[in-house]
Amino acid sequence: WLDIAGKLLLSIAESRNLLIAMIVDKLGDPNSGVGHKVAHGVVDTSDRAASELEKLVFTKNCPLRPMRFCLNVMAQFVFSKDERKLALKIVQSYLLLFRELVMTERVEQTVTSAIITGIRRAFPYSGTDYAPLAQHIDALFVLANTASFAQRVSTLGLLQNLITKGTPASFSDRWYRALYQSLLVSPKHIPNAAHLTGFFTMIYKALRTDSNSARVTAFVQRLVQRCIYFSEAFICAVLLLVGELVQTNPMVKKLLQNRPIETGSSTPAKVYDPKHRDPQHCGATNSTLWVLNTLTRHSHPSVVKLAVLILFGEELAFDSHPLDDISLSNFLNMFVDAKQKDVVDGTQVRDSHSKGNDISLSNFLNMFVDAKQKDVIDGTQVRDSHSKGVPVFRRAVHIPSIPSASDSYFVQA
């Protein structure tokens with residue numbers, strides 16, 4: 001059917017719009033092979049298929065798979081300088097679709113990647129006038145300031161792609177203010193480390209390309225101050241980011257000095273205001289990174305090491321990924337995967353009970369489930385004559401209730 005429809009589309013001009021609509025509708029076919037074949041055939045008819053693709057994408061309760069096919073087709077359109085209206089129309093569709101996905105919490109990685117790719121290709125041909133996109137951009141900035149942390153990261157990442165050399169200064173200042181405000185998010189509102197990875201990547205790209213030194217120092221100050229409220233993984237990621245900026249930005253390096261930075265004017269230096277909403281005017285260039293002294297007395301050795309290296313101006317060397325490796329699950333896996341050993345006369349030997357096998361989590365728990373309750377009398381371990389029934393760890397496995405603190409089995413265990 002697709003072969004016949006493709007031949008009719010190329011040979012007969014009449015009812016061409018009807019044929020395109022029928023072909024585009026097959027992108028939602030349950031068979032993914034049909035959708036792939038249609039996607040490759042529709043790319044050559046960009047000017048006529050764009051409207052039909054938009055109709056399918058904005059269909060109510062459109063599944064993500066046909067939506068992804070449509071976005072991949074639109075992202076492959078080749079524009080010219082004479083197709084400004086078409087490029088502008090597609091960029092508006094991208095922004096409107098992304099706003100709807102974020103508001104309905106249907107943001108999916110492949111769909112978001114297709115939208116960002118399409119914007120990068122179509123936006124340079126849409127012109128330098130931001131007026132037609134103002135309505136969509138304003139709605140996205142509202143999401144970037146009020147939505148959840150995951151939605152903020154996705155929205156700010158999309159808006160970051162609209163910042164180019166010809167971007168108005170008001171737009172970039174507005175984006176940096178939204179990013180600066182997102183640093184105040186509570187640790188309870190961050191779902192997992194995957195969002196933090198994208199968040200730190202976005203911050204590093206923004207600060208590396210920013211030529212406003214006052215704004216960069218304000219970001220560094222707020223990042224270091226927020227470390228007090230977060231976990232060790234977050235702190236190590238922030239210190240690695242600050243260490244990179246210290247090596248590349250001389251204004252950030254001056255923050256390590258315990259004296260105000262000279263402003264070059266006779267007026268007194270502005271006092272740093274950590275609650276200011278605009279990073280350009282908070283006076284961070286006249287402050288110092290005093291929080292690093294607090295982090296040198298942190299309980300985690302990696303945090304202490306990175307903080308001391310930054311204070312001494314040394315280059316940071318960290319082989320692992322802090323957000324993935326410095327976590328509670330990885331810390332516990334070090335003990336779960338370890339081999340059981342014992343020390344006899346100063347020599348490490350294998351325990352006779354291990355039978356040459358590694359300790360897994362189930363075997364670790366079975367050590368307590370199968371253990372018999374014992375008591376110590378005059379330095380000799382004997383069977384407790386008063387203990388009867390199932391031990392407390394076995395009862396915890398079979399009975400979901402937690403034993404009370406006054407339970408004799410619980411106290412002796």
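Quick caveat, the model's predicted, so the values are computed rather than measured.
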*Donor-acceptor contact present, side-chain Ser126 to main-chain Arg84, <3.5 Å*: no

Point to revise | Main-chain N/O of Arg152 paired with Thr155 side-chain donor or acceptor, under 3.5 Å | key: no

Interatomic distance, NZ@Lys305 vs SG@Cys236, rounded to 0.5 Å, equals 10.5 Å

With a 6.0 Å cut-off on the ring centroids, do Tyr204 and Phe219 count as close? no

- Query: So Asp138 and Arg99, salt bridge (Lys or Arg N to Asp or Glu O under 4.0 Å) or not? Walk me through it.
  - Reply: CA-CA 11 Å; Asp138 291 342; Arg99 185 180 66 178; over 6 Å; no

- request: Look at the side chain of Asn145 and the backbone N and O of Phe141, then say whether any donor-acceptor pair between them is shorter than 3.5 Å.
  value: yes

Kindly say whether Gln151 contributes a backbone atom to a donor-acceptor pair with the side chain of Ser154 at under 3.5 angstrom? no

Which of Leu156, Leu183, Val238 passes side-chain contact (heavy atoms from CB on, under 4.5 Å) with Ile203? It is Leu183

Checking the side chain of Arg177 only, and the main-chain atoms of Pro279 only, is there a donor and an acceptor separated by less than 3.5 Å?
no

Do any N or O atoms from the side chain of Arg120 and from the backbone of Asn161 form a donor-acceptor pair under 3.5 angstrom?
no

- prompt: Do side-chain atoms of Glu244 reach the backbone of Leu239 as a donor and acceptor pair under 3.5 angstrom?
  reply: no

Flag, side chain of Gln92 to backbone of Pro132, donor-acceptor distance under 3.5 Å = yes

With no hydrogens and no angle check, is any side-chain donor or acceptor of Tyr176 less than 3.5 Å from a backbone partner on Gln280? no

Query raised in the report: What orientation do Tyr125 and Phe79 show, parallel under 30°, tilted 30 to 60°, or perpendicular over 60°?
Result: tilted

(Q) Using ring centroids (six-membered ring only for Trp), state whether Phe123 and Tyr94 fall under 6.0 Å. (A) no

